[in-house]
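By convention here, the first residue in the shown sequence is residue 1.
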Amino acid sequence: MTTNEIRTKFLSFFKSKNHSIIASDSLVPKDDPTVLFTTAGMQQFKPQFLGHIDGFTRAATCQKCLRTDDLDVVGKTDFHHTFFEMLGNFSFGDYFKKEAIHWAWEFLTRELSLPEDKLWVSVYQEDEEAYSIWVNEILIPKERIVKLGDKSNFWPSNARLNGPNGPCGPCSEIFYDYGVNPNCPKGKDCDPDCSCGRFSEVWNLVFTQFNRKDGGVLEPLPAKNIDTGMGLERLAAVVQGVRSNYETDNFAAILKVIKDSFGAEGANATESEYRIIADHIRAVTIGIADGVTPSNEGRGYVIRKLIVDTTNIIYQSQVTKPLAHTFVGVVVSTMKEAYPELETAEKDIVEIIKRVEESVFNLIQEKMPELMSEFSKFEGGIDYTAAAQRLGKLMFFYKDTHGLPSELIHQMIKENHSILHEMYEQAVKVEGRLMEEQKNRSRAGSKMTGEVYANQDSGLKLPKTDFLGYSQLKSEAIVLNIMPTVDGSGIALDRTPFYAESGGQVGDTGHLIGPNGKMRVLDTRKINDIYIHYGVIEGEIKEGDKVQAAVDEPRRQAIKRNHTATHLLQAALRETLGTHIKQQGSLVEEGRLRFDFTHPKGIKPDEIQKIENRLNEFIHRADPVTTEILALEEARKKGALAFFAEKYGQTVRVVSIGDYSREFCGGTHVSSTGDIEAMKIVSEGSVAQGIRRIEALTGKQAVDDFLKKKSQEAAAIEQAQRMKEEEKLKQNAYFETVKSSVDEMIAAGENIKGSSLIIRSLENIDIALLRKLSDLLKQKVKSGVFILGAKGTEDASMILTVTDDLVARGIKANELMGQIAPLMDGSGGGKPQLAQAGSKQPQKLDGALAQAREIIKGII
């Protein structure tokens, strides 16, 4: 049975048990700042687990997940991965332990035909209910059931004792027994709590029945939930009769392509390294397809690191060119049945990975010689403790600042620098400490707590707000809740015309007016579909009051214009640059719009103009903007574009414009493109590797004001350039006049022991011309010191030149200037042959030159 068949069989089985089959969420979790990536199947159902039921109480998924906790052992064990798929079935206050256990057993033994005598079970030591179901209903022998404690069989692990607070409960795990491990010290007494490898954890059934409170108090939940998770790769290994996930059909296909490619390059790697490449290329392919672009921070950093680590293995295997991007095709072919979007994105994924690979190869070739040079500065007879500190900092710097892989740096030391071997271990500790300090600084500034339900429960037990804002901007509403905030209050209503910030569109502003008070609404946001109106209350508003809710109409109209314009912009970009363009983020405000999108390079001015022309064509056509509610799959089949970071339900709102734009969107829009009036792109640039950003304005008045301002700026720049050119011509003419008096300057100079001392003050000449004049003097006078000063209305400049013969005698321009510049309250510097200085006291220039004459005469 193939991995794809197992996935399909699981979802079909639970569909037969009346579960809603929910598509995998993106690897990028929406509205969840606690984690970088989706790490478990239950993650997209946090609102349901917290009581916000919407449409179904039973669900099953195959969820794309990415974890980096075990990165150090990926490829070294048989079952650790970064990217993996998690099968799961869930109940939100519907069924509980009995059904979860029976269905898990039925699926494994009947649908997959796993031998019953190969399956073991663990239960929480205090969970007699689950134990009884296994023994008395499933009839599993007691000798194949183990009772374990809080660390192994309570979820989250040790939560009862150590927290965090929130939903939790016991769990029961199902294990597959591969047979006695002859190397296990326990022998036949080995059980699933042993880590010898005999038992493979197949399925974890979590019974979320408590709410943990301070002090470890477990309060029964009014609605008990089921949350199960089963790694598809590990299950495939069991079903396919292999010990390692890397031997399953999907991984075997990827590994074959990798090994064949290495062989074609005459290169070789270890089995562990091949596995790392196979794992990482899967993670990178899925990650980029889900909209994560390699970068130097956050999610992008993780994806980039996986590419860099893969490229480093390839480089160290003596492959001389980027290779990782060539493995994307086999990943797509093995995964496209479940995730057909991979096929569409394949070309872009290849290009993005290749660019990172090329940058890594270029970096290594540029920085390795530089680092080798740094290493060569360590010599014998040094203080090894101090040197180890310096070496550790150097290793960290080249990894952190320049991005050289640690493994490559360490290998260089081991292979090429014997003098560093004695301090190597200590230096590695220094490097590790610096890396940990950096991670701690990053965590301190991050919202990512890792706690499962952190920031999820607002404490509001309120019904979903009825949003009226698509069709009306005013309504009556009932106040359901008032909460204090830092700057005022937040009010929840039963219904509202106010749009809450979502999908890049900012929240509405306006007024709430009650019988005894009012609120100026400054922002609107939502928590689990409960709309909160933020502002300051004047007078009194209380729960139960009937209020008049009114949105600021001109502001909303401007926002609608800008939101529809982002849809037009995406259509124009895809038409002009290619269908690889995908939205990566947006900001829709009253006064502007911002649109981020995938594109590998800068956009040329003529392309910008072409895009802008197309946008205004769309606007002048006055095409109708229509909306419809469709089933998710129907919308996708119609070609509607989805933004990767948004979470969509089983039905979606689709906004269509003409025959050129169709997008999933919950935002507010104008009814016709003609309402936008005009559109102007005001900037375009890069925000991350492979991500571009366009900012634009809409509305005739805004565009006219912008064009007028740009015209004024252009005129001002032109005038400044003209004045600069006129000044240059004036200076050149003045220089020609001064140039003709060079011989007179030389004749007027003093002869001091065979060397000329020439000092002259000039009016309204810039420092560049002073330097040219000084060069003329040097060409004509073989030995001497020349000081030329220039006086303006607000400042003064000075150039001091010393001929080479006097420099050889120890007379240096920079040292002389150090004595002379303070005489005019100035400062300066330079080299032995030439120095310059400036001052804001032009009236002191002549006195400084007079004193300079005496100083130099004394020195010569």
Side-chain angles (χ1 to χ4, degrees), residues 467-475 485 487-488 490-491 496-513 518-526 531-536 548-570 572 583-597 612 615-616 618-619 625 627 643 646 653 655 657 661 663 665-685 687 693-710:
F467 176 59
L468 309 172
Y470 290 135
S471 59
Q472 59 192 82
L473 297 180
K474 296 179 181 179
S475 73
T485 67
D487 301 318
I491 294 180
T496 184
F498 284 77
Y499 183 86
E501 179 181 331
S502 182
Q505 180 175 328
V506 296
D508 279 333
T509 61
H511 293 86
L512 302 179
I513 302 175
K518 61 183 180 179
M519 172 191 271
R520 170 63 180 158
V521 178
L522 302 175
D523 194 11
T524 309
R525 301 192 180 194
K526 60 183 176 181
Y531 286 51
I532 311 296
H533 309 73
Y534 294 97
V536 178
Q548 297 294 323
V551 174
D552 286 336
E553 188 169 351
R555 181 175 181 272
R556 166 72 86 81
Q557 183 63 24
I559 292 170
K560 287 165 63 175
R561 245 191 346 250
N562 284 335
H563 201 149
T564 304
T566 64
H567 288 223
L568 298 184
L569 179 56
Q570 178 155 232
Q583 181 181 351
Q584 295 295 296
S586 66
L587 177 65
V588 179
E589 296 181 319
E590 176 184 10
R592 64 174 181 142
L593 68 89
R594 186 179 75 207
F595 188 78
D596 297 346
F597 56 96
E612 192 174 282
L615 288 168
N616 285 295
F618 291 151
I619 292 168
V625 180
T627 62
F643 173 37
E646 286 294 328
R653 183 171 181 263
V655 176
I657 309 172
S661 174
E663 296 189 29
C665 185
T668 62
H669 291 269
V670 295
S671 59
S672 164
T673 59
D675 295 337
I676 298 172
E677 299 176 344
M679 189 167 176
K680 179 68 181 175
I681 294 173
V682 299
S683 69
E684 187 280 330
V687 291
R693 170 174 292 171
I694 281 179
E695 296 195 19
L697 299 174
T698 65
K700 187 176 185 305
Q701 187 63 54
V703 171
D704 286 348
D705 290 348
F706 173 80
L707 293 175
K708 182 179 179 182
K709 181 181 177 183
K710 294 298 287 184

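- Annotation: side chain of Gln505 is not in contact with side chain of Glu501 (no heavy-atom distance under 4.5 Å).
- Of the possible polar contacts, none joining the Thr564 side chain to the Arg561 backbone as a donor-acceptor pair under 3.5 Å is found.
- Residues Lys474 and Gln548 fail the side-chain proximity criterion, which asks for heavy atoms closer than 4.5 Å.
- By the 6.0 Å contact criterion, CD on Glu553 is open, its count of non-hydrogen atoms from other residues, nucleotides or ligands being 12 or less.
- In this structure, Arg525 forms no cation-pi arrangement with Phe498, as its terminal cationic atom is not both closer than 6.0 Å to the ring centre and no more than 45° off the ring axis.
- For the atom pair Phe597 CZ and Thr566 OG1, the distance stands at 12.5 Å (nearest 0.5 Å).
- Between Ser502 and Lys526 the shortest side-chain heavy-atom distance falls below 4.5 Å.
- Ile681 and Ala696 get closest at one heavy-atom pair: CA-CB, 4.1 Å.
- Two residues are said to be in side-chain contact when any heavy atoms from C-beta on lie closer than 4.5 Å; Val506 and Leu587 meet this criterion.
- Within the model, atoms CG of Asp523 and OG1 of Thr485 stand 10.5 Å from one another, a figure rounded to the nearest 0.5 Å.
- A donor-acceptor pair under 3.5 Å is formed between the side chain of Arg653 and the backbone N or O of Gly667.
- Nearest heavy atoms, Arg556 versus Tyr499: NH2-N, 3.9 Å.
- Under the 4.5 Å side-chain criterion, counting only non-hydrogen atoms from C-beta, Arg520 is in contact with Thr509.
- Taking the charged nitrogens against the carboxylate oxygens, Glu684 and Arg693 have no contact shorter than 4.0 Å, which rules out a salt bridge.
- For the pair Met679 and Ile619, the tightest heavy-atom approach, listed with the atom from each and the gap, is CB-CD1, 3.7 Å.
- In the displayed structure, Lys518 atom NZ is contacted under 6.0 Å by at most 12 heavy atoms of other residues, nucleotides or ligands.
- Judged by distance alone, the side chains of His533 and Thr496 do bring a donor and an acceptor atom under 3.5 Å apart.
- Summarising the geometry, atom CZ belonging to Arg594 is positioned 6.5 Å from atom CD belonging to Glu695; distances are rounded to the nearest 0.5 Å.
- Residue Leu593 holds its CG atom at 9.5 Å from CD1 of Ile694, rounded to the nearest 0.5 Å.
- Rounding to the nearest 0.5 angstrom, the gap separating the CZ atom in Phe618 from the OG1 atom in Thr673 is 9.0 Å.
- Between Tyr534 and Met519, the shortest heavy-atom distance links the atoms C-SD, 4.1 Å.
- Of all heavy-atom pairs spanning Tyr470 and Gly666, the tightest one is OH-O, 2.5 Å.
- The shortest heavy-atom contact between Ser586 and Gly503 is OG-O, 3.6 Å.
- Put simply, the side chain of His511 does not reach to within 4.5 Å of the side chain of Val521, judged on heavy atoms.
- The closest side-chain donor-acceptor pair between Thr524 and Asp508, if any, does not fall under 3.5 angstrom.
- Atom-to-atom distance recorded for Thr698:OG1 and Lys560:NZ is 12.5 Å, nearest 0.5 angstrom.
- Sequence neighbours left out, the pairs with a member in residues 671-681 that pass salt bridge (Lys or Arg N to Asp or Glu O under 4.0 Å) are Glu612-Lys680.
- Using a 4.5 Å heavy-atom threshold, the side chains of Ile657 and His567 count as touching.
- With respect to the salt-bridge test (charged N to carboxylate O, under 4.0 angstrom), the residues Lys700 and Asp704 qualify.
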*Step by step, work out the side chain to side chain contact (heavy atoms under 4.5 Å, CB included) result for Val655 and Val625.*
CA-CA 7 Å; Val655 176; Val625 180; 3.8 Å; yes
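- Residues Leu569 and Leu615 meet the side-chain proximity criterion, which asks for heavy atoms closer than 4.5 Å.
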